[in-house]
Amino acid sequence: MTTMLTAIPYTTFPEIDLGFVSLRTFGLVVALGVLVGAWLAARYGEEHGIPRDTTYSLAMRMVLVGVIGSRITWVLTHLDELESPFEAFAIWQGGLQFSGGFVFAVIAGYPVYRHWNRLTRWHSLDGFAYGLSIGLGIGRIGCYAVGEHFGSLTSFPLAVRYDGGSVREPTLGDVPLEPGMVFHQTALYELLYMVVLFLLLTYVLYGRKVRPGPGVAMAIFTAFYGVSRFASDALRVNDERVLGLTGAQYLCLAMLPTSAWIWFRVRKQLAGDVAAGMPVGVEPAETENSEEPVDERSP
């Protein structure tokens, strides 16, 4: 009884009723997360010679392809939950898989980044890391609203107590979900640790007298998110797993050595580029249609 009284009350809210119209919460907050994240990335990029319109165009390309990729991978791992082929396209109801979206977004961004020099490329990536930190956090509000990413029963202080509402996941593993149950809601946990990451990056990028070199924000993002997401996914009970790990956990395993590679190798190369006077920035029309890619042997 004590656990039930101290847990966070949780009622899903898949729709926001404004009287004259009802809005799908998931679609609304995901769109808000994209807008806020893209704005922060564009603001940071502009400080390093990358026009805002260039960042917005690149962000829209990566987001669109990323959403398609995340939906495809989610559908392929949740085929047994689809009652009709139409539901494969019902993205407004929730159901996106970060690992697939991340990979697809990287592929979509490559044709543009290959034409930028190393310094410009990594300043842009730092901006996207900064924007993604809060954008992902906002997006998790949508997952929380539609009732997904549940963990097991628990007495953890940040656990939620289900008080009702429609959910995408009607069970906690093999246990049917019922009002009064107290369990891990990993979407809430991810919202919280992404806010922490956003505040950390804000301090690193803007809170100190000496600005960090390029690559620092992305190195911090990949390390922090890799560890945090791996831990929170370990609590989930309804996700498909391969050899005991979720798709996101495999991506997290790749993020950790990537962070070390950026921190110990790429940052040194970028420092050399700065010392050599490599120019930073792009012209608004400098996209994948440029005649020749930048000839660089290193990332």
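Side chains of Val216 and Trp263 form a contact here, defined as non-hydrogen atoms less than 4.5 Å apart. Put simply, the side chain of Val65 does not reach to within 4.5 Å of the side chain of Ile107, judged on heavy atoms. Looking only at side-chain heavy atoms (C-beta outward), Leu158 and Leu192 come within less than 4.5 Å of each other. Trp116 places a side-chain heavy atom less than 4.5 Å from the side chain of Thr54. Looking at heavy atoms from C-beta onward, Phe150 lies out of side-chain contact with Met181 at the 4.5 angstrom threshold. With a 4.5 Å cut-off on side-chain heavy atoms, Thr154 and Leu235 do not count as touching. Within the 4.5 Å cutoff, no side-chain heavy atoms of Val146 are placed close to those of Thr25. Using a 4.5 Å heavy-atom cutoff, the side chains of Phe26 and Cys143 are in contact.
Screening residues 250-264 for salt bridge (Lys or Arg N to Asp or Glu O under 4.0 Å), with sequence neighbours left out, gives no hits. Applying the ring-ring contact (aromatic ring centres under 6.0 Å, His included) test to pairs two or more places apart or on separate chains, those with a residue in residues 45-65 are Tyr44-His48, His48-His123. Applying the salt bridge (Lys or Arg N to Asp or Glu O under 4.0 Å) rule to pairs touching residues 6-19 yields Glu15-Arg24, sequence neighbours excluded.
Under the 4.5 Å side-chain heavy-atom criterion for grouping Ile, Leu, Val, Met, Phe, Trp and Tyr, Tyr113 is connected to Leu270 within one hydrophobic cluster. Under the 4.5 Å side-chain heavy-atom criterion for Ile, Leu, Val, Met, Phe, Trp and Tyr, Val34 and Val103 are members of distinct hydrophobic clusters. Residue Ile262 is not grouped with residue Leu256 when hydrophobic side chains (ILVMFWY) are merged at heavy-atom distances under 4.5 angstrom, including chains of intermediate members. Ile134 and Leu35 are assigned to two separate hydrophobic clusters, defined by single-linkage of ILVMFWY side chains at heavy-atom distances under 4.5 Å. Under the 4.5 Å side-chain heavy-atom criterion for Ile, Leu, Val, Met, Phe, Trp and Tyr, Leu32 and Leu132 are members of the same hydrophobic cluster.
Formation of a donor-acceptor pair under 3.5 Å by the Tyr10 side chain with backbone atoms of Tyr144 is found in this model. A donor-acceptor pair is defined here as one N or O able to donate and one able to accept, closer than 3.5 Å; no such pair exists between the side chain of Glu46 and the backbone of Ala41. At distances below 3.5 Å, not a single donor-acceptor pair connects side-chain atoms of Ser124 with backbone N or O atoms of Thr120. A donor-acceptor pair is defined here as one N or O able to donate and one able to accept, closer than 3.5 Å; no such pair exists between the side chain of Arg236 and the backbone of His149. At least one donor-acceptor pair under 3.5 Å links the side chain of Tyr250 to the backbone N or O of Val242.
For Arg241, there are no salt bridge (charged side-chain N to carboxylate O under 4.0 Å, His left out) partners two or more places apart in sequence or in a different chain. A search for side-chain hydrogen bond (donor to acceptor under 3.5 Å, both in side chains) contacts involving Ser232 returns Tyr193, not counting sequence neighbours. Among residues two or more places apart in sequence or in another chain, the side-chain hydrogen bond (donor to acceptor under 3.5 Å, both in side chains) test is passed with Asp53 by none. Legend: residues meeting salt bridge (charged side-chain N to carboxylate O under 4.0 Å, His left out) with Asp126, ordered by chain and number and at least two apart, are absent. Take Glu190 and apply the side-chain hydrogen bond (donor to acceptor under 3.5 Å, both in side chains) test, not counting sequence neighbours, and it matches Arg140, Tyr225. Looking at residues two or more places apart in sequence or on another chain, you find no side-chain hydrogen bond (donor to acceptor under 3.5 Å, both in side chains) involving Arg267. Qualifying ring pair (Phe, Tyr, Trp, His ring centres under 6.0 Å) partners for Phe230, counting only residues two or more places apart in sequence or in other chains: none. Every residue two or more places apart in sequence or in another chain that forms a ring pair (Phe, Tyr, Trp, His ring centres under 6.0 Å) with Tyr189 is listed here: Phe156, His184.
The CD atom of Gln249 sits 13.0 Å away from atom CE of Met255, with the distance rounded to the nearest 0.5 Å. Going from atom CZ of Phe104 over to atom CE of Met62 covers 13.5 Å, rounded to the nearest 0.5 Å. Distance CG/Leu245 to CG/Leu251: 12.0 Å, rounded to 0.5 Å. In this structure, the separation between OG1 on Thr12 and CG on Asp163 is 10.5 Å, given to the nearest 0.5 Å. To the nearest 0.5 angstrom, Leu136 atom CG is 9.0 Å from Leu197 atom CG.
Residues Thr246 and Asp239 bring no donor and acceptor atom of their side chains to less than 3.5 Å of each other. Between Glu169 and Asn238, the side chains place a donor N or O and an acceptor N or O closer than 3.5 Å (distance only, hydrogens not considered).
In this structure, Ala219 and Ser259 approach most closely via the heavy-atom pair O-OG, 2.7 Å. In terms of heavy-atom proximity, Ser166 sits nearest to Pro14 at OG-CG, 3.4 Å. Scanning both residues, Gly151 and Leu172, for their nearest heavy atoms gives O-CD2, 3.5 Å. Here the shortest heavy-atom pairing between Asp233 and Ala248 reads OD2-CB, 3.4 Å. Pairing each heavy atom of Leu119 with each of Met278, the nearest pair is CD1-O, 3.6 Å. When every heavy atom of Pro214 is checked against every heavy atom of Trp122, the shortest pair comes out as CB-CB, 4.3 Å.
For Tyr110, the OH atom counts as loosely surrounded, since its 6.0 Å shell holds 12 or fewer non-hydrogen atoms of other residues, nucleotides or ligands.
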Using atom types as modelled, flag every donor-acceptor pair under 3.5 Å from a side chain in residues 198-207 to any protein atom, sequence neighbours excluded.
unit_1 : atom_1 : unit_2 : atom_2 : d
Thr202 : OG1    : Tyr130 : OH     : 2.9
Thr202 : OG1    : Phe198 : O      : 2.8
Tyr206 : OH     : Glu47  : OE2    : 3.3

